[in-house]
Structure formats: C-alpha cells, structure tokens
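Computation of the quantities below employed the complete heavy-atom set of this structure, encompassing side-chain atoms and omitting hydrogens, waters and symmetry-equivalent molecules.
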There are 2 protein chains.
Amino acid sequence: MNHTQLRSFHAVAAEGGFTAASRVLNVGQPTITSQVKALERHFDVELFHRRGRRVELTEAGGKLFRIAQRIVSLEAEAEDLLNAYGGFQAGHLHVGAVGPYHATEMLSAFSKRYPGVRLSVTVGNSMEMAERILDYSVDVAVLAHVEDDPRIYAMPYSRHPVVVFVNKSHRFAKRRRIRLAEMEGEPMVLREVGSTTRLAFETAIREAGVTIEPVMAIGSREAVWLAVARGIGIGVVSDIEFIPHPDLHTVEVADADIYTTAHVNCLAERRESRLIRAFFDMAEELKTPRNVTFI
Amino acid sequence: MNHTQLRSFHAVAAEGGFTAASRVLNVGQPTITSQVKALERHFDVELFHRRGRRVELTEAGGKLFRIAQRIVSLEAEAEDLLNAYGGFQAGHLHVGAVGPYHATEMLSAFSKRYPGVRLSVTVGNSMEMAERILDYSVDVAVLAHVEDDPRIYAMPYSRHPVVVFVNKSHRFAKRRRIRLAEMEGEPMVLREVGSTTRLAFETAIREAGVTIEPVMAIGSREAVWLAVARGIGIGVVSDIEFIPHPDLHTVEVADADIYTTAHVNCLAERRESRLIRAFFDMAEELKTPRNVTFI
DNA sequence: TCATACCTATTGGAAAATACGATGAATCAT
DNA sequence: ATGATTCATCGTATTTTCCAATAGGTATGA
C-alpha cells in the first residue's frame with residue numbers, strides 16, 4: 001500500500017475534488033489523478049464515481065476514507081509531537097551534578113528559556129556521573145573533574161578559587177589572606193580522596209613544599225562544613241560552594257593559584273543532540289558576559 | 001512528515017534493530033539508517049540511543065512509536081479492506097432488471113460464485129434502468145431493450161422467441177403453431193407502447209402485412225396475463241416470461257422469427273470495474289454452453 | 001588476546017517513484 | 001454559444017529511494 005496514493009485519495013475525498021486536493025497537498029492536479037488511479041488499479045477497486053466534474057465516494061471509497069482520516073490525523077499528531085520535541089516545547093533533560101552549586105545557575109536559566117522541557121537533576125560524584133553519561137541516564141553533567149575518556153566531551157564552564165575556611169576562634173579567622181607556608185602542620189578536615197577540590201589543594205601545597213595534618217576525611221561537603229564549624233580543623237572549599245555560617249570565615253590563599261574548574265559534560269556523540277546542544281549553548285552564554293543587545 | 005521515514009522508524013522500534021527492520025521491510029540496511037537519520041535530523045530529535053550494537057528508544061521515540069504503531073495497524077486495515085473489495089470478499093453490486101425473468105439465473109450464479117458480494121435488485125422499465133445506470137444507482141442492468149446511448153455498453157445475453165398466448169376456449173388453444181396471417185383481425189391485449197416484446201411483435205406483423213385489433217394496452221405483464229385469462233383477447237409474451245395458468249395456452253408463431261434479446265448493460269466507462277466485469281464474465285459463461293472440464 | 005560474528009554508518013551511483021506543464025475532453029453557469 | 005472549471009492523458013524532469021561495497025564498532029568465545 002503506497003502511502004502517497006492513500007494521502008492523495010484522502011485529500012480528494014476530504015476536499016471533494018481532485019483540483020481542490022491538489023491545492024491542499026501543494027502538488028499538481030495530474031499528480032492526484034494518477035495517484036488515485038494507481039491506487040484504484042492496484043487493488044482493482046473503484047473509489048470514486050466520476051460524475052462529470054463532480055466526484056463521489058463509492059462504498060469501498062467511503063470505508064477507506066474513514067480509515068484514511070484516522071491515519072492522517074495520527075500523522076498530524078506524530079508531526080506535532082516531533083515538532084514539540086524539536087522545538088523545546090516538550091522533552092526531558094536529565095542533568096547530573098556533583099553538587100547543586102554550579103548547576104543551579106544553569107538549571108534556572110535553562111528552565112526559564114525552555115519552560116516546556118522537563119528537567120531532572122541527579123547528584124552524585126564524578127565517577128557516578130561519568131557512568132550515567134555513558135549509559136544515557138543523564139544527558140549532561142556539571143562536574144569539576146574532567147573525565148579522561150574520549151567518549152565524553154567536556155566544556156570548561158567556570159573557574160572558582162579554592163579558599164580555606166576556618167572556625168571563628170581560629171587564628172586565621174581575622175585574616176583576609178594567608179600564605180600557604182602559614183598552614184604548615186595545620187590540622188585539616190578534608191574530603192574523600194578523589195574530590196577535585198582536595199586534589200587541587202594538595203597539588204598546590206605539595207608544590208609549595210608545605211605539609212598539612214589531615215585529621216579527618218569525610219565523604220560529604222556538608223559534613224566537612226559541620227566539622228570545621230565545630231573547630232576540629234580547617235577546611236578547603238571552592239568559594240562558590242561555601243555556605244555561610246556565623247561561626248565560619250573564609251580566607252583566601254595569597255601566594256598560590258588554587259582553583260577548580262567546573263565543566264559541562266556530555267557524551268561526545270550526543271554533542272549535537274538538540275537539547276544537549278541547547279544546554280551547552282546556554283552555558284556558553286552564561287559563561288561569557290553578555291554583550292549589549294541593540295534593538 | 002515523510003511516511004517512508006516513519007515506516008522505517010517503526011520497523012526499527014518494533015524489531016529492535018536496523019538490520020532486523022531492513023529484513024522486515026525488504027530493503028537494505030543502509031536505507032533504514034538513512035531514513036531514520038533523516039527523520040531525526042528533520043525534526044532535530046533523537047529517536048534512538050545507539051548503544052553499540054543495540055538500539056533503545058528515547059522518550060520522544062517511545063511516544064512516536066505508540067503513534068506509529070496505530071498508523072501501521074490502520075494501514076494494514078486499509079489494505080485488508082481494499083483487498084477484500086478487490087477479491088470479491090466484500091462489495092455490493094446493484095443490479096437492475098426489467099423483470100425478474102432474465103436476471104434470476106445470473107443473480108443466482110453470481111451470488112453462488114461470490115458469496116461475499118451483496119446483491120440488490122431494482123426492477124423497473126428500460127428507461128428507468130438507463131437513468132439508474134447513468135446516475136450510478138445500478139451497476140449493471142438486464143434489459144431487453146438496447147439503449148441508444150453511447151455512454152451505455154450492452155452485451156447480448158439470450159434470445160427468446162415471442163409466443164402468442166390465448167385462453168383455453170380460444171380457437172387457437174388446441175394448436176401448437178399458427179401462422180401470422182391467421183391472426184388477422186384478432187382482438188389483442190398488448191403491453192404499453194415502448195415494450196420491447198410489443199415492438200418485436202408489431203414489427204413482424206407489419207412486415208407480414210397483417211393487421212390486428214388492439215383492444216387493450218396495459219402497463220404491466222401481470223395485468224395482460226390476467227386479461228387474457230379472462231378471455232378479453234390474445235396476448236404476446238417472451239416465452240421465458242410466460243407464467244403458466246390453467247386457463248392459458250401458448251402458441252408458437254410458425255412463419256416468422258419473432259424474438260427479443262436480453263442484454264446486460266452497464267455504464268461504458270465502468271466496463272472494466274472489477275465487479276461489473278465479473279458480472280459480465282459470468283453472464284458470458286452462462287450464455288455459452290460450458291465446455292467439459294478435464295481434470 | 002585475538003578472532004569471529006553481528007551491528008550501524010557512510011558513500012557514490014543507479015533505479016524508481018513522484019511531480020510538472022501543456023493539452024484534451026467533458027460539464028456547468030451565464 | 002461561450003467562458004470557466006474540472007478531471008484525464010502524455011511526455012519529460014526532478015526528487016526520492018534504494019543498493020552494493022565498505023568502514024568502524026561492540027559483544028562473544030576460543
């Protein structure tokens with residue numbers, strides 16, 4: 001069953017004539033004639049009585065028309081569906097993030113621009129996110145870490161200094177900036193091995209020849225924060241992730257360039273997928289200060 | 001929305017793979033790939049996740065698949081419908097006849113051969129039948145008269161002698177055959193002007209130089225039959241149309257070849273329409289004595 | 001770890017479907 | 001009649017669809 005023929009038949013039946021059908025389908029009238037005729041000949045069935053310049057459905061034609069109408073309507077439905085997805089009026093973007101900090105800005109901007117697209121956020125560590133990218137359970141992920149995997153594409157998003165934060169009773173509490181050497185032997189509360197912030201910090205102090213005293217390694221940002229608030233030691237954190245607390249003060253590091261870079265990641269082969277590209281484009285805009293728009 | 005693409009998409013989703021889909025659709029695998037890809041690119045939507053050698057529907061793909069399945073199923077329904085009509089498992093043939101006499105043989109043969117085709121019979125005179133053929137309200141008509149209209153096609157079916165019939169008390173009642181000349185001055189009960197039987201008879205007696213005495217002209221076969229039974233006059237009838245009656249006898253005409261010919265008629269342009277052609281073919285077979293079939 | 005089997009993607013060129021334009025024939029309204 | 005409208009026909013041209021060969025990738029088993 002040729003679909004072009006069915007489509008022509010339907011238009012003729014619906015519009016009540018071959019010429020009218022040809023206008024609706026944006027083709028020439030001879031095309032309609034030949035399509036309908038081919039359909040009739042293929043099944044050896046009369047679909048229309050040609051009564052002069054008027055056409056009239058036969059019994060078989062009438063029955064076919066009812067079916068054809070449902071097909072055409074479903075096709076319109078399919079087209080709407082695809083347009084909705086292609087036009088961001090529908091769809092679902094799964095976003096992964098190592099913490100809500102970097103992602104929130106992007107998420108709110110994205111949902112504002114594309115209100116029709118549902119968003120869901122999965123929080124987990126970098127390795128989990130990499131896995132989820134690879135098995136399609138997240139579409140994009142905002143990570144500090146850059147995966148060493150050619151299948152994953154990463155775009156740098158923002159660079160945030162790593163700061164030290166201390167309890168208000170600590171000797172650093174009144175300072176704005178300290179030097180790395182001053183931290184020699186300081187008791188420190190750290191994140192688990194593999195934390196990007198920890199890695200950046202440890203690399204810096206190693207290069208500076210400074211040794212610190214890790215008193216605790218905790219697998220959660222909030223737990224570290226709490227431990228520092230209780231005065232167990234000093235902590236390090238990406239400044240954007242720091243949550244203010246009456247008992248806590250942040251201190252910049254004066255003599256080293258310690259930072260983490262948030263990246264937006266996705267599966268490399270899905271880089272051009274509509275929703276993913278939209279997310280990256282939007283992240284790109286957030287990253288660079290927007291130019292003034294002249295109307 | 002290109003239907004070939006949708007069809008390819010559906011097959012991939014239903015079969016779970018591009019290669020499997022290509023086998024179902026009897027096309028090459030590259031065709032499927034390009035069709036699905038074109039569909040995805042046209043709407044800028046991902047329909048499948050290509051996970052190595054496995055494919056998996058995306059959210060949009062899943063929704064599209066549900067619609068596509070209904071479309072495909074409706075197309076199968078349409079195809080079945082058309083096949084049924086083309087294969088005589090469905091359909092409706094409107095048959096017209098001037099009297100039930102000639103038509104019954106054909107009707108019973110037709111309904112026996114094509115049990116799936118509904119038949120309806122309209123009885124009326126030749127002129128009415130011609131009109132009904134022209135306005136599509138009958139498909140074929142069995143008439144004695146041959147319409148003088150190029151739009152109507154007629155096939156001779158059977159030739160029946162016109163016989164005289166008389167009351168049992170008439171002087172012809174004991175005869176098997178009479179000559180035309182013997183009818184000179186006989187009172188006759190005739191059909192209305194325009195009756196084919198009447199026309200054939202009048203032509204014959206005019207050629208023979210015989211004059212008759214029309215005492216009554218009645219617009220119905222049955223009424224003529226009744227009038228003759230009451231002894232009002234003698235009648236003429238096509239032998240196949242004669243209905244026996246205890247008071248009536250038929251008498252052949254010895255010296256003239258008076259006959260009517262039943263024709264099967266249809267709209268010339270519909271001559272090749274499936275059901276109509278089938279009816280004509282069957283009539284053709286009934287007309288000619290069937291050959292012995294060797295198994 | 002290598003080989004094998006199976007799958008999807010790509011490309012260039014051939015085949016087929018589809019469309020167009022001009023024209024003819026029939027019908028309807030004026 | 002006449003002009004306008006409509007469906008049918010024919011030959012040609014364009015677009016779509018398809019295939020064959022081939023590449024690249026991923027599982028499975030020896």
Throw together a table of side-chain donor-acceptor distances under 3.5 angstrom for residues 41-52 of chain A, partners on residues two or more places apart or in other chains.
unit_1 : atom_1 : unit_2  : atom_2 : d
D44(A) : OD2    : R274(B) : NH1    : 3.0
D44(A) : OD2    : R277(B) : NH2    : 2.9
E46(A) : OE1    : R270(B) : NE     : 3.3
E46(A) : OE1    : R270(B) : NH2    : 2.6
E46(A) : OE1    : S273(B) : OG     : 3.2
E46(A) : OE2    : R270(B) : NE     : 3.1
R50(A) : NH1    : E40(A)  : OE1    : 3.0
R50(A) : NH1    : E40(A)  : OE2    : 3.0
R50(A) : NH1    : F48(A)  : O      : 3.3
R50(A) : NH2    : E40(A)  : OE1    : 3.0
R51(A) : NH1    : E56(A)  : OE1    : 3.2
R51(A) : NH1    : E56(A)  : OE2    : 3.1
R51(A) : NH2    : D135(B) : O      : 3.3

For atom [atom1] of [X] and atom [atom2] of [N], their distance in whole Å:
| X | N | atom1 | atom2 | value |
| --- | --- | --- | --- | --- |
| H42(A) | dA17(C) | NE2 | C1' | 14 Å |
| I32(B) | dT10(C) | CD1 | P | 15 Å |
| L25(B) | dC18(D) | CG | P | 9 Å |
| R41(B) | dA9(C) | CZ | P | 13 Å |
| L267(A) | dG25(D) | CG | C1' | 14 Å |
| H49(B) | dG25(D) | NE2 | P | 21 Å |
| L39(B) | dA9(C) | CG | C1' | 17 Å |

Could you name each residue pair satisfying salt bridge (charged side-chain N to carboxylate O under 4.0 Å, His left out) that touches residues 57-68 of chain A, not counting sequence neighbours?
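Salt bridge (charged side-chain N to carboxylate O under 4.0 Å, His left out) check on residues 57-68 of chain A returns E59(A)-R118(B).
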Using salt bridge (charged side-chain N to carboxylate O under 4.0 Å, His left out) as the criterion, list what pairs up with E128(A), not counting sequence neighbours.
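E128(A) satisfies salt bridge (charged side-chain N to carboxylate O under 4.0 Å, His left out) with no other residue.
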Start at the 5' end of DNA chain C and walk down; is the nucleotide closest to R151(B) or to V12(B) reached first?
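It is V12(B) whose nearest nucleotide is closer to the 5' end.
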Between the opening five pairs and the closing five pairs of the helix from dT1(C)-dA30(D) to dT30(C)-dA1(D), how far apart are the helix axes, to 10°?
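Comparing the axis at each end, I get an angle of 40°.
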Which pairs with one or both residues in residues 22-31 of chain A pass side-chain hydrogen bond (donor to acceptor under 3.5 Å, both in side chains), sequence neighbours excluded?
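Listed by first then second residue: Q29(A)-T33(A).
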Search all heavy atoms of S8(B) against all heavy atoms of I32(B) and return the closest pair with its distance.
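Scanning both residues, the minimum pair turns out to be OG-CD1, 3.9 Å.
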Set of residues satisfying side chain to side chain contact (heavy atoms under 4.5 Å, CB included) with respect to M155(B), sequence neighbours excluded
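M155(B): side chain to side chain contact (heavy atoms under 4.5 Å, CB included) contacts with Y153(B), V264(B), F280(B), A283(B), E284(B), K287(B).
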For S111(A), side chain to side chain contact (heavy atoms under 4.5 Å, CB included) partners two or more places apart:
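Once residues adjacent in sequence are excluded, the partners of S111(A) under the side chain to side chain contact (heavy atoms under 4.5 Å, CB included) criterion are L119(A).
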Using a 4.0 Å cut-off on protein heavy atoms (strictly under), produce a 5'-to-3' string for nucleotides 4-11 of chain D with B for base contact, S for backbone-only sugar-phosphate contact, and - for none.
BBSBBB--
Polar-atom pairs under 3.5 Å, protein N or O versus N or O of nucleotides 14-16 of chain D: list them with distances, or write none.
none

Would you give me the side-chain donor-acceptor pairs under 3.5 Å for residues 70-84 of chain A, sequence neighbours excluded?
unit_1 : atom_1 : unit_2 : atom_2 : d
E75(A) : OE2    : H3(A)  : NE2    : 2.5
E79(A) : OE1    : M1(B)  : N      : 3.4
N83(A) : ND2    : E79(A) : O      : 3.3

Can you name the ring pair (Phe, Tyr, Trp, His ring centres under 6.0 Å) partners of Y114(A), sequence neighbours left out?
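Once residues adjacent in sequence are excluded, the partners of Y114(A) under the ring pair (Phe, Tyr, Trp, His ring centres under 6.0 Å) criterion are F88(A), F110(A).
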Excluding sequence neighbours, so at least two apart, what forms side chain to side chain donor-acceptor pair (under 3.5 Å) with S158(A)?
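Testing S158(A) for side chain to side chain donor-acceptor pair (under 3.5 Å), a comparison that skips the adjacent residues, returns H160(A).
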Just checking, any donor-acceptor pair under 3.5 angstrom between side chains of H94(B) and T122(B)?
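On atom types as modelled, these side chains do not qualify, holding no pair under 3.5 Å.
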